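Note that the coordinates shown come from a computational prediction; the quantities given were computed from them, not determined experimentally.
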Amino acid sequence: MIIAVASGKGGTGKTTVATSLALSLAPDNPVLFLDCDVEGPNAHLMLKPSLAHREDAFLLIPAVDEVLCDHCGICAEVCQYQAIAVTGRRVLVFPEMCHGCGSCALNCPARAIREVPHVLGTLESGNTPEGIRFARGVLTVGEILAVPVIRQLKMSHPAQIGETVIIDAPPGTSCPVVEAVRGADYVILVTEPTQFGLHDLKLAYELTCELGLPAGVIISRDGIGDREVDDFCLHVGLPVLLRIPMERAIAAGIAQGLPLVSLRPEYNALFKELFLTVAGVSQ
């Protein structure tokens, strides 16, 4: 089973929920944790894995052989992202705009284009002290294409038989989030009872509807704000799976890298119940 934990906005407690869910399941179930928040991965701070393996995350981009190239311009015509341009007798490639689709090389009549790897970041993996298989992607500073890193991370670490996969998705509702939650059996949306939380929850919920994914909500910092988030969930039939109260001790512990289930052991049972609920919905 694949459970993605997402949020319409950053800072709602998404990683707190994802890591606590993984830790609550780990003693009795094999768990794979994928930190797909590649622009700011921080799940390792709570899970403390030993990252023993590293490999490059890359995208295949065009390299033009100017000897073979006749500057016909077909490569620029077929590129949907304006990542390649032909100006007179020169061919310009813009790696930061390339999506690695391969159309330019496939359509080049002179066979003057080959694809070469352009490193976007790093994939790191290992095990946590609890035996959780852990992997994360780290986008190189200055790179803007998170989607290929997330895609390679998921492809490089498939679930083993009987393994529960927990995906810590990026915040927001843009392309990296879509790639992270793609293929999930259930999406947990973490929000907070504020106007900002409600606004971004609505966007995240629309995303799950567009993708046809079942979803439920965890309300973090419960006790602040108002009841508009509850009213929205009730209106659209979005179940509230769990509430995490606004407590200074919880915030202070998480800031020190302590998981919620360590700070409040009673949440171990609550997350296990949540998992059973989610598993029942996705069957």
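Judged by distance alone, the side chain of Thr140 and the main-chain N or O of Leu120 form a donor-acceptor pair under 3.5 Å. In this structure a side-chain-to-backbone donor-acceptor pair under 3.5 Å is present from Asp35 to Ala43. Between the side chain of Lys14 and the backbone N or O of Ala169, at least one donor-acceptor pair lies under 3.5 Å. Side chain of Lys154 to backbone of Arg182: a donor-acceptor contact under 3.5 angstrom is found. Distance alone, capped at 3.5 Å, is enough to place a donor-acceptor pair between the Lys48 side chain and the Gly257 backbone. For Gln152 (side chain) and Phe58 (main-chain N/O), a donor-acceptor pair under 3.5 Å exists by modelled atom type.
For the residue pair Thr122 / Glu124, no side-chain donor-acceptor distance below 3.5 Å is found, with atom types taken as modelled. No side-chain N or O of Arg133 forms a donor-acceptor pair with one of His157 less than 3.5 Å apart. Side chains of Thr164 and Asn29: no donor on one and acceptor on the other come within 3.5 Å.
The shortest distance between side-chain heavy atoms of Glu55 and Ser156 falls below 4.5 Å. Put simply, the side chain of Leu123 reaches to within 4.5 Å of the side chain of Val149, judged on heavy atoms. In this structure the side chain of Thr191 never reaches within 4.5 angstrom of the side chain of Tyr205, judged on heavy atoms. A heavy-atom distance below 4.5 Å is not found between the side chains of Met46 and Leu260. Residues Ile84 and Ile113 are in side-chain contact: their nearest non-hydrogen atoms beyond the backbone lie under 4.5 Å apart. Counting heavy atoms from C-beta outward, Ile188 and Leu21 have side chains that approach closer than 4.5 Å. The closest side-chain heavy-atom distance from Thr19 to Phe33 is below 4.5 Å. Contact of the Ile224 side chain with the Pro193 side chain is registered, since non-hydrogen atoms from C-beta on lie closer than 4.5 Å.
The minimum heavy-atom distance between Ser7 and Thr12, with the atom names listed, is CB-OG1, 3.4 Å. Considering every non-hydrogen atom in both Phe134 and Pro49, the closest pair reads CD2-CG, 3.5 Å. Closest of all the heavy-atom pairs between Ala184 and Ala4 is CB-CB, 4.0 Å. Across all non-hydrogen atoms, the minimal contact from Glu143 to Leu139 is O-CD2, 3.4 Å. Residues Leu189 and Ala215 come closest through the heavy atom pair CD1-CB, 4.3 Å. Closest heavy-atom contact between Leu51 and Gly126: CD2-N, 4.3 Å.
Taking Phe94 as the reference, nothing meets the ring-ring contact (aromatic ring centres under 6.0 Å, His included) condition, with sequence neighbours excluded. For His199, the ring-ring contact (aromatic ring centres under 6.0 Å, His included) criterion is met by no residue, not counting sequence neighbours. Listed by chain and residue number, Val64, Glu66, His71, Val91, Ala112 satisfy the side-chain contact (heavy atoms from CB on, under 4.5 Å) test with Cys69 (two or more places apart in sequence, or in another chain).
When the side chains of ILVMFWY residues are joined at heavy-atom separations under 4.5 Å, either directly or via intervening members, Ile218 and Phe275 end up in a single hydrophobic cluster. Val138 and Val38 fall into different hydrophobic clusters, where Ile, Leu, Val, Met, Phe, Trp and Tyr are joined by side-chain heavy atoms under 4.5 Å apart, directly or via other members. Grouping the Ile, Leu, Val, Met, Phe, Trp and Tyr side chains by contacts below 4.5 angstrom, directly or via other members, places Tyr267 apart from Val217. In the hydrophobic cluster analysis, where Ile, Leu, Val, Met, Phe, Trp and Tyr join through side-chain heavy atoms closer than 4.5 angstrom, Tyr186 is grouped apart from Val178. Under the 4.5 Å side-chain heavy-atom criterion for ILVMFWY residues, a single connected hydrophobic cluster contains both Val17 and Val278.
To the nearest 0.5 Å, the span separating CD on Glu247 from CD1 on Ile254 amounts to 10.5 Å. Remark: Thr173 OG1 to Leu207 CG distance equals 6.0 Å, nearest 0.5 Å. Between the NE2 atom in His118 and the CG atom in Asp56 there is a gap of 11.0 Å [rounded to 0.5 Å]. Put simply, CG on Leu25 and CZ on Phe271 are 10.0 Å apart, with the number rounded to the nearest 0.5 Å. Rounding to the nearest 0.5 angstrom, the gap separating the SG atom in Cys108 from the CG atom in Asp70 is 7.0 Å. Rounding to the nearest 0.5 Å gives a distance of 10.5 Å between CE of Met97 and CG of Leu145.
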Q. After noting the C-alpha distance and the side-chain angles of Thr128 and Leu23, does the key distance pass the side-chain contact (heavy atoms from CB on, under 4.5 Å) rule?
A. CA-CA 10 Å; Thr128 74; Leu23 288 168; 5.6 Å; no
Q.
The test is side-chain contact (heavy atoms from CB on, under 4.5 Å); show your working for Ile219 and Ile244 and say whether it passes.
A. CA-CA 6 Å; Ile219 299 179; Ile244 301 173; over 6 Å; no
Q: Using the side-chain contact (heavy atoms from CB on, under 4.5 Å) rule, take Cys75 and Val86 through it: C-alpha gap first, then chi angles, then the decisive distance, then the call.
A: CA-CA 8 Å; Cys75 56; Val86 180; 3.8 Å; yes
Q.
Determine whether Lys202 and Val236 satisfy the following criterion, side-chain contact (heavy atoms from CB on, under 4.5 Å), listing intermediate values before the conclusion.
A. CA-CA 10 Å; Lys202 290 179 178 179; Val236 299; over 6 Å; no
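Ionic pairing of Lys9 and Asp200 is not present here: no N-O contact between side-chain nitrogen and carboxylate oxygen is shorter than 4.0 angstrom.
More than 12 non-hydrogen atoms from other residues, nucleotides or ligands lie less than 6.0 angstrom from CZ of Phe232.
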